Amino acid sequence: MERLQKYIARCGLASRRQAEEMIREGKVKVNGKVITEMGAQIDPEKDRVAVEGRRLRTKEAQTYILLYKPAGVVTTCQDPQRRKTVLDLLPGKERLFPVGRLDYETEGVLLLTDDGELANRLTHPKYKIPKTYLVETDGLITEEKAAKLAKGIKLEDGLTQPAKVKIEYYSQEGSRFYLTITEGRNRQVRRMCQAIGLNVVYLCRTKMGFLNLNGLALGGHRRLSAQEVKKLKALVGQS
Ligand code: URA
């Protein structure tokens with residue numbers, strides 16, 4: 001069930017406040033009956049809502065797909081060099097665009113959607129969505145280097161925001177750690193590591209917000225549930 005004014009707004013006819021005005025003015029009918037009561041609830045699947053005699057329909061359902069991006073694929077819709085793109089990994093030629101970017105060689109969680117509003121918000125630095133990367137380097141990550149990554153690294157486009165580091169394994173030959181950052185600058189993780197003398201040999205985004213790779217095979221994808229979409233929107237104040 002959904003509040004009548006919210007449903008009218010969702011159909012794209014008016015803002016929620018304007019919809020309330022329409023209801024008050026007796027312009028709205030539910031199943032042929034004028035409704036002026038403000039708290040009225042409707043079932044969008046069953047009830048017929050009309051405003052000034054015009055039947056409303058919700059906008060096309062939007063699509064939200066979570067992809068486990070493999071290496072060797074570009075995060076764009078079209079590549080001038082004709083390399084394989086993330087859209088080539090989806091069955092339908094859906095009109096989706098990626099939320100943020102993973103490098104050609106980077107693997108991991110990538111959201112694709114046609115919901116421009118949500119995509120903009122999720123990538124806006126204001127919302128500080130945490131992104132966790134599994135990083136493998138061919139050198140040793142010392143406690144000192146880990147502390148530098150966590151505190152902030154001076155890059156040519158400015159100091160990085162505080163990050164979290166969780167070391168899994170370290171040796172002179174190679175190290176493995178999780179790095180959680182809240183920004184999404186170009187090649188950020190690689191550049192942060194490089195700045196402290198660490199060469200990244202493998203990079204995988206294991207989490208974006210609460211979304212992770214559980215249940216996905218490399219190159220595989222799934223649709224987000226309505227519950228997950230709602231939770232994502234709540235993270236960035238989108239109703
Ligand atoms: N940081 C990088 O360096 N590469 C990515 O693909 C994502 C974050």
Side-chain angles (χ1 to χ4, degrees), residues 65-81 83-90 96-113 118-141 145-168 174-213 216-221 232 235-236:
I65 288 180
L66 194 66
L67 172 74
Y68 185 170
K69 178 196 173 296
V73 179
V74 271
T75 310
T76 48
C77 301
Q78 254 184 345
D79 183 48
Q81 294 172 47
R83 289 173 298 180
K84 197 167 178 178
T85 76
V86 285
L87 287 190
D88 293 329
L89 297 172
L90 306 178
L96 303 177
F97 39 87
V99 177
R101 239 187 106 243
L102 289 178
D103 301 331
Y104 186 70
E105 321 87 62
T106 304
E107 297 183 347
V109 173
L110 184 71
L111 182 65
L112 294 122
T113 184
L118 182 65
N120 283 340
R121 289 181 184 225
L122 285 173
T123 49
H124 196 291
K126 172 168 115 181
Y127 295 105
K128 292 190 163 49
I129 301 295
K131 286 151 290 240
T132 300
Y133 294 86
L134 175 60
V135 188
E136 286 181 12
T137 62
D138 58 9
L140 173 70
I141 179 153
K145 288 188 178 188
K148 280 187 182 165
L149 288 174
K151 194 158 174 248
I153 302 267
K154 214 179 261 172
L155 299 177
E156 65 268 22
D157 50 359
L159 189 68
T160 60
Q161 291 282 317
K164 283 194 190 127
V165 184
K166 187 169 162 254
I167 300 177
E168 287 276 293
S175 308
R176 167 193 270 254
F177 57 93
Y178 287 97
L179 177 65
T180 303
I181 58 175
T182 55
E183 303 168 279
R185 302 191 214 171
N186 192 27
R187 296 182 77 83
Q188 181 166 343
V189 175
R190 292 176 199 275
R191 289 193 291 135
M192 287 172 75
C193 291
Q194 204 172 27
I196 52 165
L198 286 176
N199 181 41
V200 173
V201 293
Y202 174 76
L203 188 59
C204 177
R205 181 155 72 192
T206 56
K207 272 183 96 177
M208 186 181 96
F210 61 87
L211 298 171
N212 59 35
L213 295 168
L216 282 176
L218 186 63
H221 68 274
L232 262 189
L235 277 185
V236 291

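The structure displayed is predicted, hence computed values, not measured ones. Numbering of ligands and ligand atoms starts at 1, following listing order.
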With Leu112, the side-chain contact (heavy atoms from CB on, under 4.5 Å) member among Leu89, Leu87, Val99 = Leu87

Have a look at Leu149 and tell me which of Ile141, Ile181, Thr160 forms a side-chain contact (heavy atoms from CB on, under 4.5 Å) with it.
-> Ile141

Under 4.0 Å between heavy atoms, the region of Leu203 that gets near ligand 1 turns out to be side chain

N or O pair under 3.5 Å between Thr106 and ligand 1 = yes

Contact check: Arg191 vs ligand 1, nitrogen or oxygen atoms, below 3.5 angstrom | no

Per-atom filter on ligand 1: closer than 4.0 angstrom to a heavy atom of Tyr133 are 7 (C), 8 (C)

Within-4.5 Å side-chain heavy-atom neighbours: Phe177 and Glu168 | no

When you measure from atom 6 (O) of ligand 1 to every protein heavy atom, which one gives the shortest distance, and what is it?
-> Asp103 N, 2.7 Å

Considering only protein heavy atoms, which is closest to atom 1 (N) of ligand 1, and at what distance to one decimal place?
-> Val189 N, 3.1 Å

Under the 3.5 angstrom rule, does the side chain of Lys145 hit a backbone N or O of Ile196 as a donor-acceptor pair?
-> yes

Indicate yes or no for a side-chain donor-acceptor contact from Lys69 to the backbone of Val74 under 3.5 Å, with no hydrogens or angles considered.
-> no

